[in-house]
Trainee: 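Sharing a structure below in structure tokens format, with a few things to ask.
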Amino acid sequence: VTGVQTCALPIFKRAGLGVRMTDIHVDTLVQDMGCKVEKNEGGRFRIYHPKNLPFPSYYQFRKAVIDLKGLKQVQATLYGRERVKHSLPHQGAYTERLSNLFESLEVDAFRLGDRASSMYSDDPMSVLCVARGICATSGEVVGVGMSLGSETSEAYRAMLFSMAIPKSKLGELFGLPITDEEWPAQGLSPSLTSDRGPGSKDLATELEESFPMREITPSNSGQSKALVESSQPKKTHTQGAKKFKLSRLNAMEMARREVLRACSDNHTSSVSKRLTPDMIEHFSHYGLPATPHNLWKYMSNRMRTDGVSIPFDQAVRAFCTPTKMMVRNDGVWLGQKCFRSEELASSGLLERARPGLDLEVRGYVLQMAVRTLWIENAGKLMELIAVLRLRDDAGQLMMTLDQLVAQNIELARIESTTRESAQAAKAEYRGMFKEAVGKDWDAGEMKTGAPKRPSGTTAHEERVVKGPVRKEKRA
């Protein structure tokens, strides 16, 4: 066994149906061999070893694995013994007609293969639907949206919202440290903002009809949306008995993963085939990898974009889910979750709410990230942040709207259990009192008039109960 083959041995503890060898290679380098990742000023990522020890490239790693176990065994382990291979013909380049960013938008909409874990039971959650907007010119993922179960149109609206806003703001909504520098794409394609005339369908509905939701396994017609097919998150296909993967992640964590996956794909996908001679010269001169991110920056710096910007407030009203919320004197409430901000405190809105007199306001939420919401106040949008009732880990506030609804249901059950337990506890201690004293907890009778001041025997009894009175010594 060679040194490289020794490095490849960890594949057998990570291998399994649907696990890609590229993922195993990365995990082996970082987790087993102690490699690190650095990013230079040009945006290029590089794996290195802090002690300058050697480590295998992906192709060295792959060759070592195949030499150890043989190609058939590796394929059987990774893909399943019943996998059927298909080959699709290529029919030319799809970007020849394009010259600017946002000139054409493709939407990749799919249902993930793994199911999120429920926060309150052992059952899997509904399937997570993902919609990704992809710039057909650069291959850059310009927006991503998610939804749970059958509410697929929400994924398209969330995707449009993420396209329209700075990606640093998207990261803030999902609690992720994303910067505008590492994900600069912002704007809408002109085809999305054109006047579609009276009676036209909702934009998200139009997109859903044009780019229907599918399973994550790609369709057999690989040439129908080649730009999307080449940019979509890859899934290793397995065959045999029907199975599904129950993720250890909950729905919110999976949504955060998909946001980072979209950002990651912009730095890991290759668009080298799209580069023109001028681009090749530029990328070669500056040592840039041919990724969608760098191609986007190259074209954006030269003002080669058709993107249309819209104000943030307009994006919220157009693409986020409208809902009713209650204003109380301590904040704005959505279900059992309280939201506040300094702007809210100084707006005078809370003073208009009184105990027993809540105010209803119109607001908007991003269903997969209900830590932040927006309410209408005097014709303007006000952004509010969720707060905890006790000082604790603020990460608990990161949840989806479905998780918030489930949390409200669980809280109602807890309150019901509390009431039932309280009644039982009351009976227990009232019975304990009667057993110890021989009288009922509230034994007595009503008398007319005001009680008299204790005197005689009653006064003496009171002094005995009080005990001796301490006299303070005078200085």
Side-chain angles (χ1 to χ4, degrees), residues 43 92-109 131-145 156-170 178-197 200-211 224-232 262-263 265-267 269-280 282-283 288 290-319:
Y94 289 84
T95 56
E96 294 176 358
R97 60 184 175 85
L98 304 173
S99 61
N100 290 339
L101 302 175
F102 280 121
E103 187 173 345
S104 178
L105 179 75
E106 295 281 357
V107 178
D108 188 21
R132 300 181 2 149
I134 300 171
C135 171
T137 307
S138 64
E140 174 98 343
V141 181
V142 295
V144 60
Y156 293 85
R157 280 192 289 270
M159 178 203 74
L160 292 168
F161 179 66
S162 71
M163 288 174 57
I165 66 174
K167 296 307 181 286
S168 57
K169 183 63 177 180
L170 180 67
I178 297 174
T179 66
D180 293 332
E181 171 63 25
E182 63 184 324
W183 196 355
Q186 180 185 353
L188 299 175
S189 174
S191 61
L192 301 179
T193 57
S194 62
D195 182 10
R196 297 186 300 279
S200 62
K201 296 180 181 179
D202 173 76
L203 177 55
T205 302
E206 290 186 359
L207 287 175
E208 189 171 11
E209 292 178 353
S210 300
F211 304 95
S224 60
K225 294 198 298 289
L227 295 172
V228 165
E229 295 290 343
S230 62
S231 304
Q232 68 190 15
C263 184
D265 285 352
N266 292 333
H267 293 270
S269 302
S270 174
V271 292
S272 59
K273 301 298 183 184
R274 306 185 190 194
L275 299 185
T276 65
D278 284 348
M279 293 175 181
I280 293 173
H282 174 84
F283 277 58
L288 300 175
T291 61
H293 171 75
N294 286 321
L295 181 54
W296 180 280
K297 289 178 61 178
Y298 175 89
M299 301 185 74
S300 179
N301 290 339
R302 288 156 179 75
M303 306 299 291
R304 292 177 56 179
T305 176
D306 292 341
V308 178
S309 298
I310 63 174
F312 181 81
D313 288 6
Q314 184 180 342
V316 170
R317 291 187 176 103
F319 304 127

Trainee: Look up atom CG in L98 and atom OG in S138, then write down how far apart they are to the nearest 0.5 Å.
Mentor: 10.0 Å
Trainee: CG of L275 to NZ of K273: how many Å apart, nearest 0.5 Å?
Mentor: 10.0 Å
Trainee: For F102 and L188, which heavy atoms make the closest approach, and how far apart are they?
Mentor: CD2-C, 4.1 Å
Trainee: Measuring only between side-chain heavy atoms, which start at C-beta, is E103 closer than 4.5 Å to R97?
Mentor: no
Trainee: Going by the rule side-chain contact (heavy atoms from CB on, under 4.5 Å), which residues pair with S270 if we only count those two or more places apart in sequence or in a different chain?
Mentor: S272
Trainee: Are the side chains of L105 and V142 in touch, meaning some heavy atoms are under 4.5 Å apart?
Mentor: yes
Trainee: So does W296 get a backbone contact from the side chain of S300, meaning a donor-acceptor N/O pair under 3.5 Å?
Mentor: no
Trainee: Residues two or more places apart in sequence or in another chain: which of them pass ring pair (Phe, Tyr, Trp, His ring centres under 6.0 Å) with Y298?
Mentor: H282
Trainee: Residues two or more places apart in sequence or in another chain: which of them pass side chain to side chain donor-acceptor pair (under 3.5 Å) with S168?
Mentor: D180
Trainee: Under the side-chain contact (heavy atoms from CB on, under 4.5 Å) rule, collect the residues that match up with S309, sequence neighbours excluded.
Mentor: none
Trainee: Considering all heavy atoms of both residues, which atom of F319 and which atom of I310 are nearest to each other, and what is their separation?
Mentor: CE1-CD1, 4.1 Å
Trainee: Can you give me the closest heavy-atom contact between G139 and N266, atom names plus distance?
Mentor: O-OD1, 4.3 Å
Trainee: With A262, which residues qualify under side-chain contact (heavy atoms from CB on, under 4.5 Å), at least two apart?
Mentor: R132, V141, V144, W183
Trainee: Where do A136 and E106 come nearest, in terms of heavy atoms and distance?
Mentor: CB-CG, 4.3 Å
Trainee: Could you tell me the separation between the CD atom of Q314 and the CD1 atom of I165, rounded to the nearest 0.5 Å?
Mentor: 13.5 Å
Trainee: What's the shortest heavy-atom distance between T137 and S99, and which atoms?
Mentor: CG2-C, 4.2 Å
Trainee: According to the salt bridge (Lys or Arg N to Asp or Glu O under 4.0 Å) rule, which pairs have a member within residues 291-304, sequence neighbours left out?
Mentor: E181-K297
Trainee: Rounded at 0.5 Å granularity, tell me how far CG in L101 sits from SG in C135.
Mentor: 5.0 Å
Trainee: Applying side-chain contact (heavy atoms from CB on, under 4.5 Å), name anything that partners S162, two or more places apart in sequence or on another chain.
Mentor: L170
Trainee: Show every salt bridge (Lys or Arg N to Asp or Glu O under 4.0 Å) that has at least one partner inside residues 134-143, sequence neighbours left out.
Mentor: none
Trainee: Rounded to the nearest 0.5 Å, how far apart are CG of D265 and NE2 of H293?
Mentor: 14.0 Å
Trainee: Assess whether side chain to side chain contact (heavy atoms under 4.5 Å, CB included) is satisfied between E182 and H267, documenting all intermediate values.
Mentor: CA-CA 9 Å; E182 63 184 324; H267 293 270; 4.1 Å; yes
Trainee: Just jot down the side chain to side chain donor-acceptor pair (under 3.5 Å) partners of D313, sequence neighbours excluded, or say none.
Mentor: none
Trainee: If I compare all heavy atoms of A164 with all of Q186, which pair ends up nearest, and what's the gap?
Mentor: O-NE2, 3.2 Å
